[in-house]
Protein chains: 2
Amino acid sequence: MEKENTLFGVKEIARRANVSTATVDRVLHNRTGVSEKTKKRINDIIKELDYQPNILASRLASKKIITLAILIPEVSEETDFWEAPLNGVRKAEAEIKQYGIQTLIFFFDLNNKDSYVQKAREILELDVHGILIAPSFVTETQEFAKECNQRKIPFVFIDSDIPELKSLSYIGPHLYKSGYVGAKLLTYRLQPDKKVLIINISKEIDNFNYEAIEEGFRAYFSDNQNPNEIVRIDIHETDYQSVARHLTYVFHLNKDIGAAFVTNSRVNTVASFLKNSHRTEVSLIGYDFVKDNVKYLENNVIDFLICHRPEDQAYRGIMALYQTLVMNSSVSKLSYMPIDIVTKENYEFYQN
Amino acid sequence: MEKENTLFGVKEIARRANVSTATVDRVLHNRTGVSEKTKKRINDIIKELDYQPNILASRLASKKIITLAILIPEVSEETDFWEAPLNGVRKAEAEIKQYGIQTLIFFFDLNNKDSYVQKAREILELDVHGILIAPSFVTETQEFAKECNQRKIPFVFIDSDIPELKSLSYIGPHLYKSGYVGAKLLTYRLQPDKKVLIINISKEIDNFNYEAIEEGFRAYFSDNQNPNEIVRIDIHETDYQSVARHLTYVFHLNKDIGAAFVTNSRVNTVASFLKNSHRTEVSLIGYDFVKDNVKYLENNVIDFLICHRPEDQAYRGIMALYQTLVMNSSVSKLSYMPIDIVTKENYEFYQN
DNA sequence: CTGAAAGCGCTTACAG
DNA sequence: CTGAAAGCGCTTACAG
């Protein structure tokens, strides 16, 4: 089969408008140097023909290469969580590099605000066309976003959102609902006289994600008139010894804890504690498909992991930038990821 | 930023081999009419330079359009399940039609083997380049596959697999493991003295998927020395009245059924029965994210739905054909989908 | 403000 | 068995 006599292209538009294809191209890309009159004439024809540019030809002919910057935490000793988004970026890049798109990845240290600021500054010096950001620090991101907006550089947030910063898109979990799901799973088989423990382990005091999760978690309890009492604890040190010390104390005060919910990926530390203190009958739920967590899933110490497809988030984030920069098509402002439930039985097929 | 002085292309290969680019092109695509000697010389250079063809240029220049046929069940009154794969096909097509790829979709009637055979024949008359199949009927698919192999037309199976037919790839659930997950969820909070009911509702006698699911389901019980007794029932009529009649009888015989597992998407019929007969305390699990099922998820009649991302299956199936036909890259023979767990709390974010 | 011409990296029909 | 030339649908640098 042969290609049909192709749809109307720039040539046909040029012919009808009585101009050269160069001028059509100028209009197509909103470049300056075309009289209003000609511009209107050409735009009318474009609309009339419902012209669809051939992206292959466009990217092949173009000499410009489009650069996307990625600002995400580095994969650390502490967690390999950020490996997944990294893979998502790489997957997307492999698919679109033919189109003359390049990615530059900047890693910051999650325990170091300055490194975030520093890398953000480096990106701005580079004059890139679009940015993918995991906005871990609110105030710092506000400034960064402001600068990007001034320069008209589109940016996409993944993993967590900071609304009202005029990001092109947020692609990540609905944290409130995610906590809600956690509560459902945690109480699904829980005796009414047992207590539920919420554990937040985080060095950062201003962890804004945690709150939405806990709110959703508690909402499930009130929506369902759940009788279980909720106890909560904040632990601001992440090492095992500190966590174990705090938990020992909580379990000492509350003899009848039947289930624990950890608001982030540090659930493996809690799992380790439960195992060491022979409390594996406590149901345990936490976040993220990282190696250390899966180990305890296998062990039956963690019952469920809640995951939000981090690889996909990054992949789709890059694609959203590609859509706007290359395809000139619009992307949705808000894209909530599925709230995946991972267990011992299904984790082997889970693809982040 | 400008494109770097691009990597080596056909021109450079031609120059080094002292031939024209036409000859290089012939070798690149394994066309006849090149002497062994020249061919070898060119191939050596290709290897040496690690030549990567520019797909954009290739597809832009080529006049051939690649046609993919899709053979899937029609969306029926009975189920809108097949809407999802259809969307997956459309999504894939939108992404690659620029490359000169066309899809032709053929729908058959799941309750009519002949329609499957008929559509398969139509496809073969059309001389397409690749095929995506939901292989609902074993014997008929065997013949079809044989013919495709003879003609060297690659085909991909989705939704269910028939091994040993030399498909390019299978993209779909691991049914055994999927049943295993179902058993876990069903027994998670079940009292040991309760019975578990497996329900298979299907007109077709030779439903080969069902067996793998039940096997996995039972395997969970033996692996975990689960004490619950298993009862099973096959229902070969799909209308509500027939199903209700059979179920009434089973529940009459077994007073202590605490949970029911439906091996396919007809779980909504069972949900309807449980609701009507005021047995909603029975835990209920079944398959597929279809409207009728979600309704009962909302109602708390269905506890969990197990889903295998049918949209993604089709999307990836088309992409696999694209990879082989256009990109000339290899795809994995077996691609198991995640076994997703959908509940009342997380379904709103589920994306098939 | 506008156009003619060359070119992006391939493929193809034709001629020999 | 092989090559010269045209062309795919755009973009660009240059000239006016």
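Please read all numbers here as calculations on a predicted model, not as lab measurements. By convention in this document, chain letters (A, B, ...) are assigned in the order of the sequence lines, proteins followed by strands, and residues within each chain are numbered from 1.
Per the geometry, CG belonging to A:L60 stands 12 Å off P belonging to D:dG9, to the nearest Å. The interatomic distance linking A:R15 (CZ) with D:dG9 (P) rounds to 15 Å, in whole Å. If you measure from atom OH of A:Y99 to atom C1' of D:dC10, you get 14 Å, rounded to the nearest angstrom. In this structure, the CG atom of B:L56 is 10 Å from the C1' atom of C:dC10, given to the nearest Å. Here D:dC10 presents its C1' atom at 11 Å from CZ of A:R59, a figure rounded to the nearest Å. The nearest whole Å value for the distance from the CD1 atom in B:I55 to the C1' atom in C:dC8 is 15 Å. One can place CZ of B:F8 at 13 Å from P of C:dC10, the figure rounded to the nearest angstrom. Between the P atom of C:dG7 and the NZ atom of A:K64 lies a distance of 19 Å, rounded to the nearest Å.
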N/O-N/O pairs, protein side and nucleotides 3-5 of chain D side, under 3.5 Å:
| from | atom 1 | to | atom 2 | distance (Å) |
| --- | --- | --- | --- | --- |
| D:dG3 | OP2 | B:S20 | N | 2.8 |
| D:dG3 | OP2 | B:S20 | OG | 3.4 |
| D:dG3 | OP2 | B:T23 | OG1 | 2.9 |
| D:dG3 | N7 | B:R26 | NH1 | 3.4 |
| D:dG3 | O6 | B:R26 | NH2 | 2.3 |

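Shown are A:L132, A:I171, A:L165; of these, the side chain to side chain contact (heavy atoms under 4.5 Å, CB included) with A:F157 is made only by A:L165.
At D:dG9, none of the side-chain N or O atoms of A:Y51 fall inside 4.0 Å of OP1 or OP2 (strictly under the cut-off). For the OP1/OP2 pair of D:dT12 and a distance below 4.0 Å, the side-chain nitrogens and oxygens of A:S62 include at least one atom meeting the criterion.
Distance alone, capped at 3.5 Å, is enough to place a donor-acceptor pair between the A:H129 side chain and the A:T67 backbone. Of the possible donor and acceptor atoms, none in the side chain of A:Q313 sits under 3.5 Å from a partner among the backbone N and O of A:I158. Between the side chain of A:T324 and the backbone N or O of A:L321, at least one donor-acceptor pair lies under 3.5 Å.
Using a cutoff of 4.0 Å between basic side-chain nitrogens and carboxylate oxygens, B:R151 and B:E147 are scored as salt-bridged. Taking a cutoff of 4.0 Å between a charged side-chain nitrogen and a carboxylate oxygen, B:E12 and B:R15 qualify as a salt bridge.
Taking the ring centroids of A:F106 and A:F108, they lie at or beyond the 6.0 Å cut-off. The ring of B:F8 has its center no closer than 6.0 angstrom to the ring center of B:Y51. Within the 6.0 Å centre-distance limit, the rings of B:F137 and B:Y116 are counted as a close aromatic pair.
Secondary-structure stems of DNA chain D, taken as three or more successive Watson-Crick or G-U wobble pairs (i with j, i+1 with j-1) under a 3.5 Å distance threshold, comprise C:1-3 with D:14-16, C:5-12 with D:5-12, C:14-16 with D:1-3.
Listed in residue order, the members of residues 33-44 of chain A having a heavy atom less than 4.0 Å from DNA chain C are A:G33, A:V34, A:S35, A:T38.
Under the 3.5 Å distance criterion, with hydrogens and angles disregarded, a donor-acceptor pair is assigned to the side chains of B:Y315 and B:E95.
Residues B:L124 and B:R121 have side chains not in contact (no heavy-atom distance under 4.5 Å, counting atoms from C-beta outward).
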